[in-house]
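Okay, so here's the structure we're looking at.
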Protein chains: 2
Amino acid sequence: MSTMTLLPVIDAAACCAPLTRDPLTQAQADDLARSLKAIADPARLRLISIIAASEGQEACVCDLTEPLNIGQPTVSHHLKVLTEAGFVTRSKRGTWAYFKLVPGALDSVARLLVTA
Amino acid sequence: MSTMTLLPVIDAAACCAPLTRDPLTQAQADDLARSLKAIADPARLRLISIIAASEGQEACVCDLTEPLNIGQPTVSHHLKVLTEAGFVTRSKRGTWAYFKLVPGALDSVARLLVTA
DNA sequence: GCAGAACATCGATGAATGTCAATATTCGAG
DNA sequence: CTCGAATATTGACATTCATCGATGTTCTGC
């Protein structure tokens with residue numbers, strides 16, 4: 001596969017004032033929408049919340065597959081989406097893949113939504 | 001049509017701790033995902049930002065159709081989505097329809113994302 | 001090296017979604 | 001009441017997306 005082609009959340013958020021200050025350009029709207037789409041899914045929100053509640057804000061896929069009632073390939077897919085969007089990072093230790101929250105990523109998005 | 005069937009944002013947000021505090025239930029995840037989906041679109045984000053930057057945080061459809069480069073029916077559709085999700089309200093004055101930001105609606109969602 | 005476990009990728013499928021053109025509705029002016 | 005302007009609704013279409021089963025890949029233990 002190629003290099004990291006996608007939208008780090010932090011970058012999309014660091015540059016701009018809250019969306020309620022000035023009209024967004026098309027490009028800004030595209031970036032923010034991409035970040036929001038990545039978390040606008042029940043399964044991905046639950047994944048984030050479980051990871052966040054885990055020790056070190058890190059969890060292995062084996063801890064995430066069972067409580068969501070969805071298949072392992074689907075969990076893997078959702079984690080990939082979250083990773084490419086910059087909300088979590090992946091690190092493999094042995095056979096296990098651990099996913100960790102990127103500190104400040106969610107906050108960056110939240111800051112853009114806040115009214116002034 | 002029936003009564004207000006849909007998800008006021010404020011309700012979805014008022015009840016819960018940030019999603020990084022405890023694992024979300026399926027129902028909580030569904031609610032938050034619905035709110036996020038409503039704003040996870042470039043056109044709708046731009047609509048919100050234009051409305052927010054207008055006097056009284058209120059704008060008429062005629063002011064929204066032109067700057068977005070999308071057709072009037074599409075603008076109308078997006079405004080309906082935002083209205084049903086509780087981010088804006090609609091009030092008709094004469095032939096014109098004015099859409100106004102619901103104070104605190106965006107902030108409610110933002111609060112749920114913050115890593116506190 | 002081999003078997004099994006953990007995870008990722010692929011291909012397919014059904015559902016949801018953004019957009020448009022055409023049409024309907026509602027309102028003010030005359 | 002009629003006409004035109006502003007907005008909403010409808011129906012259609014192409015695209016995206018969540019999910020699954022099957023398969024591939026990579027690591028560990030023996």
Side-chain angles (χ1 to χ4, degrees), chain A residues 1-2 4-7 26 29-30 32-48 50-51 58-85 87-100, chain B residues 1-2 5-7 24 26 29-48 50-51 58-85 88-100:
Chain A
M1 82 211 60
S2 69
M4 169 75 144
T5 55
L6 264 171
L7 50 134
Q26 182 67 47
D30 286 344
L32 180 52
R34 257 194 304 256
S35 294
L36 287 172
K37 270 182 206 296
I39 55 176
D41 177 272
R44 291 198 285 270
L45 287 173
R46 297 190 71 192
L47 286 173
I48 288 178
I50 294 177
I51 294 174
E58 196 180 35
C60 140
V61 178
C62 53
D63 298 326
L64 299 170
T65 305
E66 173 210 352
L68 257 67
N69 283 336
I70 55 182
Q72 172 267 319
T74 305
V75 171
S76 203
H77 163 69
H78 286 309
L79 289 169
K80 186 180 185 181
V81 172
L82 288 175
T83 303
E84 288 177 339
F87 289 102
V88 302
T89 52
R90 194 182 92 111
S91 69
K92 205 160 185 184
R93 294 205 284 277
T95 319
W96 292 271
Y98 286 83
F99 288 85
K100 189 176 188 318
Chain B
M1 84 210 57
S2 68
T5 55
L6 263 173
L7 53 136
L24 260 49
Q26 182 66 46
D30 286 343
D31 287 347
L32 180 52
R34 257 196 302 257
S35 294
L36 288 172
K37 270 181 205 295
I39 56 177
D41 177 90
R44 292 198 283 271
L45 287 172
R46 297 191 71 192
L47 286 173
I48 288 178
I50 295 176
I51 294 173
E58 196 180 36
C60 141
V61 178
C62 53
D63 298 326
L64 299 171
T65 304
E66 174 210 352
L68 257 65
N69 284 335
I70 55 182
Q72 172 266 318
T74 305
V75 172
S76 203
H77 166 252
H78 285 310
L79 288 169
K80 187 179 184 179
V81 171
L82 288 175
T83 303
E84 289 177 336
V88 302
T89 52
R90 193 182 93 111
S91 68
K92 206 162 184 185
R93 294 204 284 278
T95 320
W96 292 270
Y98 287 83
F99 287 85
K100 190 178 190 312

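Values reported hereafter were calculated over all heavy atoms of this structure, with side chains retained and with hydrogens, waters and symmetry mates removed.
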Only counting residues at least two apart or in another chain, list the ones meeting side-chain contact (heavy atoms from CB on, under 4.5 Å) with [X].
X: B:Lys100; value: B:Glu58, B:Thr89
X: B:Pro42; value: A:Gln26, A:Ala29, A:Asp30, A:Ala33
X: B:Val75; value: B:Leu47, B:Val61, B:Leu64, B:Thr65, B:Ile70, B:Leu79

Below 4.0 angstrom from OP1 or OP2 of [N], is there any side-chain N or O of [X]?
X: A:His78; N: D:dT19; value: yes
X: A:His77; N: D:dA18; value: yes
X: B:Thr74; N: C:dT19; value: no
X: A:Arg90; N: C:dC7; value: no

Counting heavy atoms from C-beta on, name the nucleotide in D:dA18, C:dG18, D:dT7 closest to the side chain of B:Val61. D:dT7
Length of the line joining [X]:[atom1] and [N]:[atom2], which is rounded to integer Å:
X: A:Lys80; N: C:dA8; atom1: NZ; atom2: P; value: 10 Å
X: B:Arg34; N: D:dC17; atom1: CZ; atom2: P; value: 20 Å
X: B:Arg46; N: C:dT19; atom1: CZ; atom2: P; value: 11 Å
X: B:Leu64; N: D:dA6; atom1: CG; atom2: P; value: 14 Å

Is it true that a side-chain atom of A:Arg46 and a backbone atom of B:Leu24 form a donor plus acceptor pair closer than 3.5 Å? yes
Taking side chain to side chain donor-acceptor pair (under 3.5 Å) as the definition, give me every residue that meets it alongside A:Asp63, ordered by chain and number, with sequence neighbours left out. none
Can you sort out the partners of B:Gln72 under side chain to side chain donor-acceptor pair (under 3.5 Å), two or more places apart, ordered by chain and number? none
Between protein and nucleotides 22-30 of chain D, map the contacts as a letter string: B base, S sugar-phosphate only, - none, heavy atoms under 4.0 Å, written 5' to 3'. B----SS--
